[in-house]
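Below is one structure, written out as structure tokens, with a few remarks after it.
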Amino acid sequence: SFYGPGGAYNGMAGRDASRALATHQIPDVNEPIKPYDDLKDLTPDEIDALEEWVSFYQSKYPVVGKIVPDREEE
């Protein structure tokens with residue numbers, strides 16, 4: 001109900017949610033999905049917020065993969 005159509009977090013479904021968690025801005029569901037976001041422009045406070053989310057989720061859920069850039073984007 002949170003991530004499905006009309007849900008509060010629908011804009012994070014099917015994409016890397018790192019930027020949304022760091023900035024507290026959920027993307028519009030119609031916004032194009034970036035294949036990779038290096039997050040280099042995050043502020044120190046945003047990085048701290050993201051690290052808190054990572055700690056929270058890793059304490060509850062197993063890591064099942066990671067996002068890596070396409071060779072074209074490196």
Side-chain angles (χ1 to χ4, degrees):
S1 64
F2 289 111
Y3 297 95
Y9 302 125
N10 183 238
M12 293 193 304
R15 65 178 79 208
D16 176 6
S18 299
R19 181 169 296 277
L21 294 170
T23 63
H24 306 285
Q25 296 177 356
I26 299 171
D28 182 283
V29 68
N30 296 316
E31 184 177 313
I33 296 174
K34 292 180 179 181
Y36 181 78
D37 184 350
D38 63 19
L39 307 172
K40 288 182 180 178
D41 62 333
L42 293 180
T43 68
D45 286 341
E46 291 169 338
I47 292 169
D48 288 346
L50 180 56
E51 288 174 351
E52 287 181 32
W53 278 110
V54 169
S55 293
F56 170 76
Y57 279 105
Q58 285 182 342
S59 71
K60 295 186 172 285
Y61 307 103
V63 175
V64 295
K66 70 180 192 178
I67 299 171
V68 296
D70 287 338
R71 292 180 186 196
E72 299 168 3
E73 297 178 26
E74 292 181 43

Q) Going by distance alone, is a donor N or O of one side chain under 3.5 Å from an acceptor N or O of the other, for S18 and D16? A) yes

Q: Could you tell me how the ring of W53 sits relative to the ring of Y57: parallel (under 30°), tilted (30 to 60°) or perpendicular (over 60°)?
A: parallel

Q: Might you point out which heavy atoms bring I26 and M12 nearest each other, and give the distance in Å?
A: CG2-CG, 4.1 Å

Q | salt bridge (charged side-chain N to carboxylate O under 4.0 Å, His left out) against D41, all qualifying residues, sequence neighbours excluded | A | R19

Q: Can you tell me which residue pairs pass the side chain to side chain donor-acceptor pair (under 3.5 Å) test with a partner in residues 1-13, sequence neighbours excluded?
A: none

(Q) When you measure from the side chain of E51 to the backbone of D48, do you find a donor-acceptor pair of N or O atoms at a distance under 3.5 Å? (A) no

**Q.** Shortest non-hydrogen separation from E31 to R15 and the atoms involved
**A.** O-NH2, 3.2 Å

Q. With the 4.5 Å side-chain cut-off for hydrophobic clustering, are L21 and Y61 part of the same group?
A. yes

Q. So if you build clusters from Ile, Leu, Val, Met, Phe, Trp, Tyr with side-chain heavy-atom gaps below 4.5 Å, do I67 and L50 land together?
A. no

Q: Answer whether the closest heavy-atom distance between the side chains of T23 and L42 falls below 4.5 Å.
A: yes

Q. Minimum heavy-atom separation for A22 to A49, with atom names?
A. O-CB, 3.9 Å

